[in-house]
Each structure stands twice: as C-alpha cells, then as structure tokens.
Amino acid sequence: MPADEFRGYRAAMRRLRSGRETSARAFYGGVVRHRVLARRSIWVGSDTVIEGAERIRVSPGGALRVGLGSFGLTCEGDTSVIRVREGASLHCEGVVSLQRGVRIVVDSGRLSIGHETNVNGLGTKILVADSITIGAGCTFSWDVQLLDNDFHAMTVGGVRQPSAAPIVIGDRVWVGTRAIVLKGVTIGDGAIVAAGAVVTKDVPAHAVVAGMPAKVIGSADSWV
C-alpha cells in the first residue's frame, strides 16, 4: 500500500473512531486482510462481510471503500454485506464508496459502478441477476433498492415473461431515499429520482421523476 494511501485511510479511520463509528478490529482487519495479504484495493472501515472478494475488479488507481463515510443514521454496529457469486463479477471503475449497512448481492452477471459514486447504506440493496451498470458521480440515499430481476418467473396470457433485464444508470444520477429501480430501466445522465419513487420505465437525462409508478415532474440543470 503506498504511504500516502495508507495515511488517508488512517486519517479517515481516526475521524470515525472519534465519533465511535468504527473499531480498531475493523481497521486492522481491512488493512491486513485485503490490502496486505490479498493485495486488493479494498478499504474496510466498519464490520463488513465480503464473499467472493477475488471476483471484485478495481481499475488501476481505483479503490473500493466500504464503511468509511461518517453518516448520522449509521453506527459502529451496522454490518455491510457484499456477496459476489461464482461466475459473477463486481467492477469498480475508479474510487467507489459503499457506506455502512449496504447489501450488495451479485448472484450472476455483472455489477459495474463508476468513479466517485457513493452508495449510502442502512437498508440500501443492489441485487443483480443479469446486469446493473451505474455511472460516475452518482449518489444513492439510504433504503434504496436496485433490482434487475423479479425473483419469480411470471406467465401472462400463456406466455412466460422474462424475469430479469439490465438496469443502466448514467452519470451524476441522484436517487432519493426509499426509491426502487426495477428491471429493464435506463436512467439518463443527471436525472433525479425522488424519495419513494418506483421506477418502472426509462428516465430521460436531467429529468426529475416521482411517484409510484414514477413519472416525469420536471427537469434539473444540476444538483449538488
């Protein structure tokens, strides 16, 4: 681990420790298990279960940071779960931040997350059976769900319906708390998904969508 990278990791951990939001065990476990022994660009700042770490791919200069953000709704006891099954993969295209309490399960296919995207934990779930692609600079609030599959096959009018389809989310998309994005949806760059929205159809770039099912209610030039 480069010295400057280690110093940044240690500084983040000290900030969390002062607020009782992490533990020495998480710090040393993250450094030793992933950075030193496995030589993977995975930083862990809180209790985290990672299954299939060898199937996590990080682009050169990138990193997967888990539980390193300070967020008032989470605490030291919130455990993050990242599970990548055999034959599936998780790709971090730069520095990706997943916060405490997140649940990510890639049963099959590929999950790709872009540079400087932040996924808040505390109930947020990303479940992949086909493909989910998330662009750069996105923000996901707590209790968000991304589901590219129905988990059960349905037959309508005697025709079996596809149970999974890719989700594609562009760059700088903001998804509000308790929003749900369902299979087969594409969300354009710069779009905003309001809290509690259920997205079942494509969202144009820079659109603001809300409701259940989500509908376009406006547009936004940018968001901070």
> R85 and E54: salt bridge (Lys or Arg N to Asp or Glu O under 4.0 Å), yes or no, with the steps?
Replying inline: CA-CA 10 Å; R85 308 284 193 188; E54 68 277 10; over 6 Å; no

>> Go through it in stages, so that I can follow the logic: the residues are V181 and I167, the test is side-chain contact (heavy atoms from CB on, under 4.5 Å), and I'd like the CA-CA distance, side-chain angles, deciding distance and then a yes or no.
In response: CA-CA 8 Å; V181 180; I167 291 173; 4.1 Å; yes

Any idea which heavy atoms bring [X] and [Y] closest together, and the distance?
| X | Y | result |
| --- | --- | --- |
| A210 | I217 | CB-CD1, 3.7 Å |
| A165 | D130 | CA-OD2, 4.0 Å |
| A214 | A197 | CB-CB, 4.2 Å |
| A220 | I192 | CB-CD1, 3.8 Å |
| P213 | T200 | CB-OG1, 3.7 Å |
| I50 | A53 | CG2-CB, 3.7 Å |

Find the distance between [atom1] ([X]) and [atom2] ([Y]) and round it off to the nearest 0.5 Å.
| X | Y | atom1 | atom2 | answer |
| --- | --- | --- | --- | --- |
| C92 | L111 | SG | CG | 8.0 Å |
| S80 | R100 | OG | CZ | 8.0 Å |
| I180 | K125 | CD1 | NZ | 9.5 Å |
| H206 | S219 | NE2 | OG | 9.5 Å |
| D150 | K183 | CG | NZ | 3.5 Å |
| L90 | I56 | CG | CD1 | 5.0 Å |

Is there a side-chain contact between [X] and [Y] in this structure, where contact means two heavy atoms from C-beta onward sitting under 4.5 Å apart?
| X | Y | result |
| --- | --- | --- |
| V128 | D107 | no |
| V193 | V199 | yes |
| L64 | W43 | no |
| I187 | D202 | no |
| P204 | V216 | yes |
| I126 | I132 | yes |

> Which of these, L98, I42, V66, sits in a side chain to side chain contact (heavy atoms under 4.5 Å, CB included) with T48?
Replying inline: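 For T48, the side chain to side chain contact (heavy atoms under 4.5 Å, CB included) check succeeds only for V66.
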
> Checking side chain to side chain contact (heavy atoms under 4.5 Å, CB included) against R83, which of R103, R55, E51 comes through?
Replying inline: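 When R103, R55, E51 are each tested with R83, the side chain to side chain contact (heavy atoms under 4.5 Å, CB included) holds only for E51.
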
>> Does R178, at its CZ atom, have more than 12 non-hydrogen atoms belonging to other residues, nucleotides or ligands within less than 6.0 Å?
In response: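 Not more than 12 within 6.0 Å, no.
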
> In terms of heavy-atom contacts, does CD of E86 have more than 12 from other residues, nucleotides or ligands at under 6.0 Å?
Replying inline: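 No, the 6.0 Å shell around CD holds no more than 12 heavy atoms from other groups.
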
> How about H115 and T117: does a side-chain donor come under 3.5 Å of a side-chain acceptor?
Replying inline: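 There is no such pair (donor and acceptor under 3.5 Å, judged by atom type) between the side chains of H115 and T117.
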
>> Regarding T139 and W174, do their side chains bring together a donor and an acceptor under 3.5 Å, going by distance alone?
In response: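 Result is no, nothing qualifies.
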
>> As a quick check of understanding, evaluate side-chain contact (heavy atoms from CB on, under 4.5 Å) for F140 and V173, giving each step before the final call.
In response: CA-CA 8 Å; F140 295 83; V173 172; 5.7 Å; no

>> Run S163 and N149 through side-chain contact (heavy atoms from CB on, under 4.5 Å) and show every step you take.
In response: CA-CA 5 Å; S163 60; N149 65 99; 5.6 Å; no

> Which is it for I169 and C138 under the side-chain contact (heavy atoms from CB on, under 4.5 Å) test, yes or no, and what are the steps along the way?
Replying inline: CA-CA 9 Å; I169 297 175; C138 296; 4.3 Å; yes

Shared hydrophobic cluster for [X] and [Y] (ILVMFWY, side-chain gaps under 4.5 Å):
| X | Y | value |
| --- | --- | --- |
| F151 | V105 | yes |
| I134 | V95 | no |
| V58 | I82 | yes |
| V144 | L127 | no |
| V209 | L146 | yes |

> Which residue, N120, N118, D78, forms the side chain to side chain donor-acceptor pair (under 3.5 Å) with Q99?
Replying inline: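 Result for side chain to side chain donor-acceptor pair (under 3.5 Å) with Q99: N118.
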
>> Given 3.5 Å as the limit, does a donor-acceptor pair link the side chain of T177 with the main chain of W142, or not?
In response: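 Indeed, once roles are kept as given, a pair shorter than 3.5 Å links the two residues.
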
